[in-house]
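Here the structure is a predicted model, which means the values were calculated and not measured. Counting starts at 1 for both ligands and their atoms, following the listed order. Heavy atoms only: backbone and side chains are in, while hydrogens, waters and symmetry mates are out.
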Amino acid sequence: MGAVVEVTRARKERIATFIEPLRVEPGTVVDLGRDFDPGFRSDVVRKKDGRELLQTGIELLAEYQAKLAAEQSHGVLVCLQSLDAGGKDGTIRHVLSGVNPQGVRVNSFKVPSAAELDHDYLWRYARRLPARGEIGIFNRSHYEEVLVVRVHPEALARQKLPSGKKDSNFWDRRFREINDWERYLVDNGIRVVKLFLNLSKEEQRIRFLKRIDVPERNWKFSAADARERRRWDDYQVAFSRMLSATSTEHAPWYVIPADHKWFARICAGAVLAQTLIEIDPRYPRVDEDAVRELGVARQELLAAAPDGAAPDPFAAAHDGHRHGRSSGNGRGSRSKRAAATTV
Ligand code: AMP
Ligand code: MG
């Protein structure tokens with residue numbers, strides 16, 4: 001593990017203030033085009049500082065993730081949604097670049113298979129939920145069920161729903177089901193973080209052209225992408241409805257301005273960091289019996305030092321290092337560690 005990144009109260013407040021404008025207030029009616037600017041960048045962050053900021057955020061995430069994994073009581077589910085070329089893959093790659101791969105699972109959701117269509121629509125997502133101690137990333141998520149499926153009635157037709165179930169309340173019911181499912185997860189220790197990468201139509205045009213013009217990027221573009229772009233307005237409506245209906249107190253949406261990739265990554269990292277700060281995972285406290293056993297094992301190891309070797313090179317190098325392991329889980333004991341860094 002690298003240096004300990006101190007999370008001071010001031011730093012927590014800075015993160016909270018930074019992400020506040022991105023949060024969709026539960027109960028508000030969102031009109032994406034009117035309410036959120038894909039080109040937004042905060043005045044306080046310039047691009048050259050952005051790299052450093054992201055790096056700090058990455059270190060912070062790594063440290064929290066190690067504690068999350070050790071504590072084994074909370075899991076974190078990150079749902080990433082965006083229009084095509086919104087930058088989901090790059091966001092995952094950059095934001096999670098510092099964390100232990102053993103603690104993270106990324107799942108990408110494509111067109112459902114025949115076997116998946118034989119089940120209720122949440123089934124395939126439920127099967128890939130993170131365990132306690134894990135961060136699970138959904139690259140596309142159950143929200144496709146109110147986005148692509150809403151824009152394309154033929155996708156809904158493939159879901160084999162009983163005919164009486166497709167009444168006029170259908171989409172409201174689906175929103176409610178999703179909210180209920182997420183509440184259930186949150187109540188059971190699985191936090192749900194929802195990020196929507198909000199891209200402008202012009203920036204998508206530019207990114208698509210790049211995928212066409214640069215041979216190494218051709219694989220990233222398909223005729224389907226061009227087809228979906230023609231439905232831009234329908235998607236804007238579907239996203240607006242989704243944000244209005246499913247930003248809840250237990251699992252709010254964050255709309256990330258995505259036209260500037262570097263800024264989008266800082267935002268995504270900050271929202272994830274905020275979630276982990278709120279969970280505040282701790283290394284488990286070792287009970288007295290275990291501490292006694294550690295003492296016995298330590299004596300045995302010291303006695304086994306070869307002639308001329310330091311009995312405990314680690315303690316020697318960490319001059320004055322606590323021997324009795326009396327500081328337990330470290331609550332309140334971090335204050336003198338590495339200097340605070342800013343967000
Ligand atoms: P990509 O993420 O670019 O590999 O594309 C995956 C494709 O799967 C996208 O076109 C999505 O719209 C589509 N997709 C994902 N989930 C669903 C779903 N539940 N129903 C229909 N299509 C979906
Ligand atoms: Mg694609």
Side-chain angles (χ1 to χ4, degrees), residues 32 77-93 95-96 105-129 136-161 165-166 170-171 173-175 177-179 181-182 194-201 203-243 245-246 256 258-259 261 264 268:
L32 202 48
L77 170 64
V78 182
C79 302
L80 256 187
Q81 288 293 154
S82 82
L83 280 143
D84 290 315
K88 297 190 296 295
D89 296 329
T91 300
I92 294 169
R93 203 166 54 240
V95 172
L96 296 172
R105 229 172 343 142
V106 182
N107 290 284
S108 300
F109 292 98
K110 313 276 177 186
V111 178
S113 69
E116 287 169 341
L117 289 169
D118 280 341
H119 292 266
D120 60 278
Y121 73 97
L122 288 176
W123 180 78
R124 68 173 183 156
Y125 309 99
R127 295 177 79 210
R128 295 185 171 87
L129 285 170
I137 311 288
F138 280 4
N139 182 347
R140 299 185 189 270
S141 69
H142 49 294
Y143 282 101
E144 290 296 334
E145 305 293 340
V146 293
L147 294 169
V148 63
V149 177
R150 190 166 193 170
V151 171
H152 291 280
E154 66 278 14
L156 182 60
R158 284 196 294 269
Q159 296 195 350
K160 305 182 197 173
L161 288 164
K165 295 291 178 191
K166 287 193 216 165
F170 181 78
W171 296 108
R173 201 166 57 237
R174 200 161 258 210
F175 285 141
E177 288 157 357
I178 288 174
N179 288 339
W181 187 57
E182 291 177 358
K194 304 189 295 203
L195 306 177
F196 168 56
L197 300 177
N198 187 28
L199 189 70
S200 69
K201 197 173 185 186
E203 181 63 21
Q204 187 193 56
R205 188 180 74 89
I206 295 166
R207 292 187 190 175
F208 275 177
L209 278 171
K210 193 167 176 187
R211 290 178 179 187
I212 293 167
D213 294 345
V214 180
E216 289 76 17
R217 290 185 187 242
N218 284 174
W219 65 275
K220 274 207 146 190
F221 188 81
S222 70
D225 291 337
R227 231 173 15 244
E228 293 307 285
R229 180 176 163 82
R230 288 181 214 126
R231 307 293 301 272
W232 180 273
D233 292 343
D234 296 331
Y235 272 104
Q236 293 289 302
V237 171
F239 276 116
S240 296
R241 288 178 171 160
M242 172 197 81
L243 294 167
T246 62
I256 310 280
D259 278 5
K261 288 180 180 176

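With Q81 contributing its side chain and S141 its backbone, the two residues share a donor-acceptor pair below 3.5 Å.
Relative ring orientation between Y125 and F109 is described as tilted, the plane-to-plane angle lying within the 30° to 60° band.
No more than 12 heavy atoms of other residues, nucleotides or ligands lie within 6.0 Å of NZ in K210, so this atom counts as exposed by the packing criterion.
Each of R229, E228, R150 was compared with Y235 under the side-chain hydrogen bond (donor to acceptor under 3.5 Å, both in side chains) criterion, and only E228 meets it. Each of E145, H119, E116 was scored for a side-chain hydrogen bond (donor to acceptor under 3.5 Å, both in side chains) with Q159, with one residue passing: E145.
For ligand 1, the protein residues placed under 4.0 Å by at least one non-hydrogen atom are F109, K110, V111, P112, R124, Y125, R140, E144, E145, V148, V149.
Between L156 and W171, some side-chain heavy-atom pair lies under the 4.5 Å cut-off.
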